[in-house]
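Atoms considered below: every heavy atom in the structure, side chains included; atoms not considered: hydrogens, waters and symmetry mates.
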Amino acid sequence: MQGTEGFDNQKRKGYFVMSKEKVDAYRASKTTRKQDQEKARKKRAAKRKIAWAVAILCVAGIAAALGLTVKSSYDSYKASLPTYDASTQVVQDFAGVLDADEEAEDADTTADDAEETEAPEETTEE
């Protein structure tokens, strides 16, 4: 059992027994460690940029939806308000003047329509 006591003493002193393959793999990873760390840093930066872009697009979409909702409700509110334009106000015709004018215009338009709808006389060759 002497071999195992020596191994325990080496572990206590901070030594590790490694095989040749493990040593070679450790040295290879140590030589490319900076490049690997740089790649990992660039990957994290790219993921961070994509996350920010997605977050900004989501916020912009929510803001656009809110804006359209507010605009739609404002437009419906404006449409429900009465308009006070001169063309939309109803003037009561106490003297009956407006009715006489409308009747005269109707008579003129019916006469014009009748002239247009008359068919030309047909001529037959004999």
Notebook entry, point to check: In chain order, what residues pass the side chain to side chain donor-acceptor pair (under 3.5 Å) check against E21, with sequence neighbours excluded?
Noted result: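 Side chain to side chain donor-acceptor pair (under 3.5 Å) check on E21 returns S19.
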
Checklist line | salt bridge (charged side-chain N to carboxylate O under 4.0 Å, His left out) pairs, two or more places apart, involving residues 57-69 | finding: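 For residues 57-69: none.
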
Next item on the list: Any salt bridge (charged side-chain N to carboxylate O under 4.0 Å, His left out) involving residues 54-63? Give me the pairs, sequence neighbours left out, ordered by first then second residue.
Entry: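 The answer is none; no pair qualifies.
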
Tell me every residue that passes salt bridge (charged side-chain N to carboxylate O under 4.0 Å, His left out) with [X], counting only those two or more places apart in sequence or in another chain.
X	result
E38	R41
R27	none
K42	none
D36	none

Tell me which donor-acceptor pairs under 3.5 Å the side chains of residues 67-77 have, and how far apart each pair is, sequence neighbours excluded?
residue	atom	partner	partner atom	Å
T69	OG1	A65	O	2.8
K71	NZ	D75	OD2	2.8
S73	OG	T69	O	3.3
S73	OG	V70	O	2.9
S76	OG	S72	O	3.4
S76	OG	S73	O	2.8

Margin query: I need the full list of side chain to side chain donor-acceptor pair (under 3.5 Å) pairs touching residues 43-57, with sequence neighbours left out, sorted by first then second residue.
Written below: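 Qualifying pairs, neighbours excluded: none.
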
